[in-house]
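For reference, the structure discussed in these notes is given below.
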Amino acid sequence: MPKKLISIDPTKAPWDQETPLHNRWHPDIPPVAKVAQGEKFRVECVDWTGGQIKNDDFSDDVKNVDLSQVHYLSGPIEVEGAEPGDLLKVEFLELGPLDGDEWGFTGTFAKENGGGFLTDHFPNATKACWDIDGIYCTSRHIPGVKFPGLIHPGLIGTAPSAELLKIWNEREASLVAEEGTAMEKTLCGCLATRPLACLPEPKGAMLGKLGHFLDKSGNCDVWDKIASEGARTVPGRENGGNCDIKNLSRGCTVWFPVFVKGALLSMGDMHFSQGDGEVSFCGAIEMAGFLDLKCSVIKGGMKMLPVIGPNKLNVNPIFEIGPMEPRFSEWLVFEGISVDEKGVQHYLDATIAYKMAVLNCIKYLSQFGYSQEQVYLLLSCCPCEGRISGIVDVPNAVATLAVPLAIFDRDVRPPNDTEHFAKGIKVVSRDCCISEEGGAVPNDPRLTCIPVPK
């Protein structure tokens with residue numbers, strides 16, 4: 001078994017873990033561990049919310065989740081010999097849930113607290129809990145489906161340099177400044193997710209060895225500076241980060257750019273399974289879990305990554321997919337084009353096309369005994385495949401969403417006899433946890449138990 005580098009206890013809050021966690025990107029967050037090149041090691045991770053979501057039949061925890069805290073990451077890990085300009089090669093040896101904690105959750109956020117891809121259609125918070133049994137999962141909240149997982153970290157990346165961090169914060173602040181003005185991007189009016197970007201915010205910040213916002217904010221100049229600059233972990237960026245790529249699983253290799261000495265690798269947001277796009281936002285099967293990894297350094301290798309942008313730091317990781325993936329032979333595929341649900345024509349807009357493909361799938365599958373909320377949750381976490389199928393034939397981009405037929409306990413293909421179709425449909429229990437609309441109050445009651453220094 002690889003050396004256990006970072007251990008966590010899922011019954012404890014993130015700030016009570018033996019090895020400090022962090023939830024911001026900043027080059028001055030110090031490493032909590034160090035590995036040699038070629039050394040095999042295990043890293044354990046809390047779920048991305050840090051234990052805010054419970055395995056129960058209520059969704060108020062999703063409705064009122066405190067998103068200022070996320071994502072909780074294990075690391076940073078210093079890799080011996082890594083220097084700026086190198087490539088960090090990370091090999092994924094094994095991944096899984098933590099022993100004794102084999103469950104996960106999928107959710108949709110309330111419109112007034114996070115929202116999501118289809119918030120304009122599904123404004124209420126919802127939740128489905130999943131039982132993990134070996135390689136398979138089932139849910140009491142979405143009966144009649146069963147599928148194997150493809151375990152992966154939704155988030156893994158290296159620390160940014162001070163220069164790259166400044167680029168991130170400036171470009172994302174300029175996007176937020178456009179909201180409500182004539183400069184606002186066209187797509188902003190078609191998707192209800194707000195805010196447009198999550199800017200640095202000291203509230204909720206946990207900076208590893210440097211401490212937690214409740215006892216450090218306003219009491220430590222170094223902490224205050226890093227917290228005011230530290231990038232939120234919400235999007236993927238040049239360092240990798242929260243890309244939610246489901247193929248980063250067993251046997252995968254990723255080549256990350258190195259921006260600081262030691263690379264400072266961090267990871268978290270473990271997923272048992274995820275659909276392409278993670279459309280419900282809180283939308284994979286989120287869990288606590290572990291990764292077994294091995295790292296090596298390619299000296300000067302960052303020059304192999306194409307620079308697409310105005311700065312030499314505008315690069316992105318590349319990865320090789322491993323051989324261990326679920327195999328399906330039959331798929332039902334749904335199509336969407338760049339015409340929105342109001343009939344408005346957009347120009348080669350792949351996001352609108354994918355939104356329409358997802359909506360087509362939700363409305364179709366809801367004819368087979370499922371509620372639309374159940375299908376929305378399912379498409380976010382089952383092994384469905386999203387594609388940009390056409391991007392050149394003006395004015396419509398074409399996106400497709402393929403759903404494996406084998407995950408259902410019923411035939412969901414169009415029936416030959418539509419006249420008697422409805423009589424034969426078995427309606428599943430529709431008790432996925434749905435909250436009441438409105439009134440979300442972001443709150444983590446555990447924070448009130450932490451003594452605050454006077």
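Just so you know, these numbers come straight off a predicted model, no measurement behind them.
For Glu94, the side-chain contact (heavy atoms from CB on, under 4.5 Å) partners are Arg250, Phe290, Asp292, not counting sequence neighbours. With sequence neighbours left out, the salt bridge (charged side-chain N to carboxylate O under 4.0 Å, His left out) criterion links Glu385 to Lys246, Arg387. With sequence neighbours excluded, the residues satisfying side-chain hydrogen bond (donor to acceptor under 3.5 Å, both in side chains) with Lys3 are Glu39. Among residues two or more places apart in sequence or in another chain, the ring-ring contact (aromatic ring centres under 6.0 Å, His included) test is passed with Phe272 by none. Partners of Phe41 by ring-ring contact (aromatic ring centres under 6.0 Å, His included), not counting sequence neighbours: none found. Qualifying salt bridge (charged side-chain N to carboxylate O under 4.0 Å, His left out) partners for Arg24, counting only residues two or more places apart in sequence or in other chains: none. With sequence neighbours excluded, no residue satisfies salt bridge (charged side-chain N to carboxylate O under 4.0 Å, His left out) with Glu112. Applying the ring-ring contact (aromatic ring centres under 6.0 Å, His included) rule to Tyr364 yields the partners Phe334, Phe368; only residues at least two apart in sequence or on another chain are considered. For His26, the side-chain hydrogen bond (donor to acceptor under 3.5 Å, both in side chains) criterion is met by Glu229, not counting sequence neighbours. Remark: Tyr354 pairs with no residue by the ring-ring contact (aromatic ring centres under 6.0 Å, His included) rule, at least two apart or across chains. With sequence neighbours left out, Lys203 forms a salt bridge (charged side-chain N to carboxylate O under 4.0 Å, His left out) with Asp66.
Each of Val254, Asp269, Leu265 was evaluated against Ile156; a single residue qualifies, Leu265, per the side-chain contact (heavy atoms from CB on, under 4.5 Å) test.
Checked against the 6.0 Å centroid criterion, the rings of Trp15 and Phe213 do not qualify as a close aromatic pair.
Side chains of Glu335 and Asn360: no donor on one and acceptor on the other come within 3.5 Å. Checked by atom type, the side-chain pair Thr400/Ser389 shows a donor-acceptor distance below 3.5 Å.
Remark: Lys127 does not engage Asp60 in a salt bridge, criterion side-chain N to carboxylate O under 4.0 Å. Taking 4.0 Å as the cut-off between side-chain N and carboxylate O, Asp340 and Lys342 do not count as a salt-bridged pair. Between Lys54 and Asp56 there is no salt bridge, since none of the side-chain N atoms of the basic residue sits less than 4.0 Å from a carboxylate O of the acidic one. A salt bridge does not link Glu44 to Lys12: none of the charged nitrogens lies less than 4.0 Å from a carboxylate oxygen.
For Ile298, the CD1 atom is densely surrounded, since the number of other residues' heavy atoms within 6.0 Å is greater than 12. Residue Lys209 places its NZ atom among more than 12 non-hydrogen atoms of other residues, nucleotides or ligands, all under 6.0 Å distant.
Between Phe109 and Trp48, the ring-plane angle classifies as tilted under the 30° and 60° cut-offs. Note on ring orientation: taking the six-membered ring where Trp is involved, the planes of Phe105 and Trp103 are tilted (angle from 30° to 60°).
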Could you give the side-chain donor-acceptor pairs of residues 322-329 under 3.5 Å, partners two or more places apart or in another chain?
{"residue": "Glu325", "atom": "OE2", "partner": "Asn247", "partner atom": "ND2", "Å": "3.0"}

Discussion item. Evaluate Asp57 against Arg140 for salt bridge (Lys or Arg N to Asp or Glu O under 4.0 Å), listing each step before the verdict.
Written reply: CA-CA 9 Å; Asp57 302 320; Arg140 64 186 180 273; 2.8 Å; yes

Worksheet item: Are Lys355 and Glu341 close enough, and set up right, to give a salt bridge (Lys or Arg N to Asp or Glu O under 4.0 Å), and what steps lead you there?
Response: CA-CA 9 Å; Lys355 181 182 182 184; Glu341 56 269 55; 3.1 Å; yes

